[in-house]
Every structure is written in C-alpha cells, then in structure tokens.
Amino acid sequence: MPALAQQPAPAAGTSPTLDAIRARGTLICGVNTGLAGFAQPDSQGVWRGFDVDYCRAVAIALFNDPERVRFVPTTAQNRFTALQSGEVDMLSRNTTWTLSRDTSLGFDFTGINFYDGQGFMVKASLGVRTARELDGATICVQPGTTTEQNLTDWARSNRINFRPVVIERLEEVVQAYLSGRCDAYTTDVSGLAATRSVQPRPADHVILPDVISKEPLGPLVRHGDQRFADLLRWIHFGLLTAEELGVTSQNVQQMLNDNRPDVQRLLGRTGGLGQMLGVDNAFMVNIVSRLGNYGQMFERNLTPIGIQRGPNALWTTPGGLQYAPPFR
C-alpha cells in the first residue's frame, strides 16, 4: 500500500540518540543471534521476526524506510554491553524487564511487547510430564540471563536437585540439549517453542506445562534519552491501538477517511501527535502500511511456530493483557 510522504518534523526536545541516528542515516538495532519467529536471517540473509519488526517500525517512523536498519546479533552475555557502549541504538532482543536492569544497568524499557514465562523442554522419549519430575536431572541453561537465577530459585523452593550445564551461545546450548548432554533445556516458553519449531521432528520434544516465572519482554534503550524512549513506547502503543481500532495493512489508506476521532488521531489526520514525538504525523500510517498492526505482526511471525496469543491478546479479549494508553 502506498504510504504518505514523509515530511520534516520539528525537533521534539534534545535526543542524542535520535540526532546520531539521523546523522548516520541508519538505525542500529541489537537482536538475537538467531531465534525463529523473533529474529533470524532468512535464506537470503534478510532479518525477519517479531523483534526485527519493532526495529523496522522505528526506521519507518524516522525515515519512512524499513530497510534503513543495521541488525547487530548479540548474545545473552554481550547484549547489555553493546547497548551501554553505544554499539547499538536499541535492543529488541527477547529481554526481560527487571528492576536491576532498569536501574543499575542504566536502561529504560519502553513497553512490554510480549508477556512470557520460563519453562522446560524435554525429549518425549524421556517420559517426563511435569518439571517436578526433573529431580536429579541435568538442565541446559544460558548464563547472564534471568533464566539462570529463576532455575536456581525454583529448584531451591521445590527442593529439587539438578546439575546445570551452563553454555553461553544459544546455538551451542540447543545442540547440547539435542545431543543428550542434558535431560532438559530451560528458557522462556517462547524460546522453547521457537527451538522446537525448527527441529526435523518437533513432536519429539515436549514443552512441559510448568511456567516458573514472569518474563515481561520488550525493547530497551539507554537511560537519559527520554525522547527516543518516548518514540519507541508510542510505536508499540500505536501498533496495539491500530489492532484495537481495526486498522490493518490492507485497509489503512481507506481508514484515513474514517470519521472516528481516535482513528483520526492515530493516523495523524488531527492532533499533531507525531510532531510531539519528533516524527511525521503520519508515522503510524507508514508503519501499519508496511508491517501491519500488532496482531498482524504476531500472526505473521509467532503463530507459525505454535505460539498462541494468550496474555498477549488485547485487553478486550478475556485473559488478554496488551493495553495501550489513549492516543490523544
């Protein structure tokens, strides 16, 4: 669908990150090294996935061009250093929002775009039905994650003994699980679903029903740049609002003529909300035209690997937690 022309927007306060991105002409976004559905290069080397789409949405808001992004693969260990040092402008990399990361590491999380929880995956041949049957098992886990601490806390609370197999790189920890070096693999349930989906025989692997933690995931930026954080936050809220209002990639151009005030504000016809963020008022028209709304992004990237909406449904759906403040 044709997008509205990008017009220069007045500056919305000081933002060193936005100034650097505009001078460079490219957003630099830290992503996973490769996680199906979230961030992974395809056979042509093009990055695709749910987290990748959030990076592209920022590039569209700034440049009206989803290709003006450079993706930097980061591990669980080096992702925070990459953001702190300025190697990347933002992280969109299945990262859990915690108090210590929000404060002592000097980051700002810009919203929860995926509600998750930690689980366990085992081979079906093992015959294990619940995590409590893993007493005495070896469990693969990545260091430098909330996963590692959650596992220790859960085992202590439930008086379960286990032998950890701690491996940094995702590809290596998955291979250790597949080769039988450990009995179970633990990480966020979304990550387990992504790993299972790319196996030759996904049915050979079982994600146990136990969820042992809360893992609210979302993009993050450095402290001290509220204008950049505001932009990312309202892009996420705009994607949710578009779904709630029925604005899709297929009908967004027609919806420009919808006379509902909330639709008019979202699509930049009234209110001047984009200029308040330092971008074009039509930024959500341009984003939805190319990427769709939140639900379309979810369906395109995550539904194919077996992830259901669950708590990531809109608040208007029973059990849904995704909720956006008003565009006004």
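Quick note: residue numbers are just sequence positions, from 1.
- Ion pairing between a basic and an acidic side chain is recognised when a charged N comes within 4.0 Å of a carboxylate O; Arg196 and Asp204 show no such pairing.
- Arg101 places a side-chain N or O within donor-acceptor distance of the main-chain N or O of Thr96, the cut-off being under 3.5 Å.
- Side-chain atoms of His223 come within 3.5 Å of backbone atoms of Asp102 as a donor-acceptor pair (strictly under, hydrogens ignored).
- For the pair Asp42 (side chain) and Val46 (backbone), a donor-acceptor distance under 3.5 Å is present.
- Remark: aromatic rings of His205 and Tyr185 are distant, center separation not under 6.0 Å.
- Between Ser289 and Gln253 there is a side-chain heavy-atom pair separated by less than 4.5 Å.
- Leu35 and Ile112 sit in two unconnected hydrophobic clusters of ILVMFWY residues. Membership requires side-chain heavy atoms under 4.5 Å apart, directly or through other members.
- Within the 4.5 Å cutoff, the side chain of Leu240 has heavy atoms near those of the Leu314 side chain.
- In this structure the side chain of Met90 never reaches within 4.5 angstrom of the side chain of Thr110, judged on heavy atoms.
- In plain terms, the two heavy atoms of Asn113 and Gly218 that are nearest each other are OD1-CA, 3.5 Å.
- Asp53 and Asn301 form a side-chain donor-acceptor contact under 3.5 Å, judged by distance and modelled atom types alone.
- Under the 3.5 Å distance criterion, with hydrogens and angles disregarded, no donor-acceptor pair is assigned to the side chains of Asn257 and Arg269.
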| said: Could you walk me through whether Glu243 and Arg309 satisfy the salt bridge (charged side-chain N to carboxylate O under 4.0 Å, His left out) test, starting with their C-alpha distance in whole Å, then the side-chain angles of each, then the deciding distance to 0.1 Å, before giving a yes or no? | reply: CA-CA 13 Å; Glu243 182 180 8; Arg309 285 293 291 267; 3.1 Å; yes
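- Checked by atom type, the side-chain pair Asn78/Thr81 shows no donor-acceptor distance below 3.5 Å.
- Formation of a donor-acceptor pair under 3.5 Å by the Asp188 side chain with backbone atoms of Gly191 is not found in this model.
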| message | Does Val165 form a side-chain contact (heavy atoms from CB on, under 4.5 Å) with Val141? I'd like the steps, not just the answer. | response | CA-CA 6 Å; Val165 177; Val141 62; over 6 Å; no
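- Linking ILVMFWY side-chain heavy atoms closer than 4.5 Å, directly or via other members, places Leu291 and Phe283 in a single hydrophobic cluster.
- Around the CD atom of Gln308, the shell of radius 6.0 Å holds no more than 12 heavy atoms that belong to other residues, nucleotides or ligands.
- Of all non-hydrogen atoms in Ile305 and Ser197, the two that sit nearest each other are CG2-OG, 3.5 Å.
- Distance alone, capped at 3.5 Å, places no donor-acceptor pair between the Thr26 side chain and the Arg68 backbone.
- In this view, Phe120 and Trp154 satisfy the ring-ring contact (aromatic ring centres under 6.0 Å, His included) rule, not counting sequence neighbours.
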| field | Test log, rule side-chain contact (heavy atoms from CB on, under 4.5 Å), inputs Glu168 and Thr75 | value | CA-CA 8 Å; Glu168 178 180 352; Thr75 67; 3.3 Å; yes
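- Here the two rings, on Trp234 and Phe327, have centers that are under 6.0 Å apart.
- Side-chain contact between Asp183 and Val122 is absent, with no heavy-atom pair separated by less than 4.5 Å.
- Annotation for Pro304 and Arg300: closest pair CG-O, 3.5 Å, computed over non-hydrogen atoms.
- For Arg233 and Asp230, the salt-bridge test passes: some basic side-chain N is under 4.0 Å from an acidic carboxylate O.
- Checking Asn293 against Thr248 by side-chain atom types alone, no donor-acceptor pair falls below 3.5 Å.
- Remark: the Gln142 side chain and the Thr147 side chain contain no N/O donor-acceptor pair separated by less than 3.5 Å.
- No donor-acceptor pair closer than 3.5 Å links the side chain of Asp116 to the backbone N or O of Lys214.
- Within a 6.0 Å sphere centred on CZ of Arg181, other residues, nucleotides and ligands contribute 12 heavy atoms or fewer.
- The local environment of CD in Gln226 is crowded, with over 12 non-hydrogen atoms from other residues, nucleotides or ligands closer than 6.0 Å.
- In this model, a donor atom of one side chain and an acceptor atom of the other lie less than 3.5 Å apart for Gln250 and Gln296.
- Nearest approach of Cys29 to Val69, heavy atoms of both residues: CB-CG1, 4.0 Å.
- Applying the ring-ring contact (aromatic ring centres under 6.0 Å, His included) test to Phe80 and every residue at least two apart in sequence or in another chain returns Phe107.
- A donor-acceptor pair is defined here as one N or O able to donate and one able to accept, closer than 3.5 Å; such a pair exists between the side chain of Arg56 and the backbone of Pro66.
- With respect to Arg24 and Asp89, a salt bridge is recorded, a charged nitrogen being found less than 4.0 Å from a carboxylate O.
- The ring pair (Phe, Tyr, Trp, His ring centres under 6.0 Å) test with Phe38 is passed by exactly one of Phe114, Trp47, Tyr54: Phe114.
- Between the OG atom in Ser15 and the CD1 atom in Ile21 there is a gap of 7.0 Å [rounded to 0.5 Å].
- Between Gln118 and Thr186, the side chains place a donor N or O and an acceptor N or O closer than 3.5 Å (distance only, hydrogens not considered).
- For Glu172 against Ile167, the heavy-atom pair with the smallest separation is CB-CG2, 3.6 Å.
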| task | May I have the step-by-step check of salt bridge (charged side-chain N to carboxylate O under 4.0 Å, His left out) for Arg265 and Asp262, ending in yes or no? | result | CA-CA 5 Å; Arg265 288 190 294 266; Asp262 45 4; 5.7 Å; no
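- Residues Asp65 and Ile60 are not in side-chain contact: their nearest non-hydrogen atoms beyond the backbone lie 4.5 Å or more apart.
- Crowding of Arg132 atom CZ: a count of heavy atoms from other residues, nucleotides or ligands under 6.0 Å not exceeding 12.
- Under a hydrophobic clustering in which Ile, Leu, Val, Met, Phe, Trp and Tyr are joined whenever their side-chain heavy atoms come within less than 4.5 Å, directly or via other members, Leu232 and Leu277 fall into the same cluster.
- When side chains are defined from C-beta on, Ile139 does not count as touching Pro164, because their heavy atoms never get closer than 4.5 Å.
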| task | Could you give me the CA-CA distance, side-chain angles and deciding distance for Gln264 and Leu266, then say whether side-chain contact (heavy atoms from CB on, under 4.5 Å) is met? | result | CA-CA 6 Å; Gln264 291 285 296; Leu266 174 70; over 6 Å; no
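- In this structure, the side chains of Leu105 and Gln84 come closer than 4.5 Å at one or more pairs of heavy atoms.
- Closest of all the heavy-atom pairs between Ala193 and Ile307 is CB-CG1, 3.8 Å.
- Put simply, the side chain of Thr95 gets close to the backbone of Arg93: a donor and an acceptor are under 3.5 Å apart.
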| request: Decide side-chain contact (heavy atoms from CB on, under 4.5 Å) for Arg22 and Leu18; before the verdict, give the C-alpha distance in whole Å, the side-chain angles of both, and the deciding distance to 0.1 Å. | output: CA-CA 6 Å; Arg22 286 190 166 112; Leu18 285 173; 4.0 Å; yes
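- No continuous path of hydrophobic side-chain contacts links Val128 to Ile207 [ILVMFWY only; heavy atoms under 4.5 Å].
- Follow the hydrophobic side-chain contacts under 4.5 Å out from Phe109 and you never reach Val221; the two are in separate clusters.
- Formation of a donor-acceptor pair under 3.5 Å by the Asn161 side chain with backbone atoms of Asp135 is not found in this model.
- Looking only at side-chain heavy atoms (C-beta outward), Ile287 and Leu239 come within less than 4.5 Å of each other.
- Interatomic distance, CG of Asp51 versus CE of Met297, reported as 9.0 Å (0.5 Å rounding).
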| said: Go through it in stages, so that I can follow the logic: the residues are Phe237 and Tyr294, the test is ring pair (Phe, Tyr, Trp, His ring centres under 6.0 Å), and I'd like the CA-CA distance, side-chain angles, deciding distance and then a yes or no. | reply: CA-CA 9 Å; Phe237 291 152; Tyr294 179 88; over 10 Å; no
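- No donor-acceptor pair under 3.5 Å is formed between the side chain of Glu215 and the backbone N or O of Asn94.
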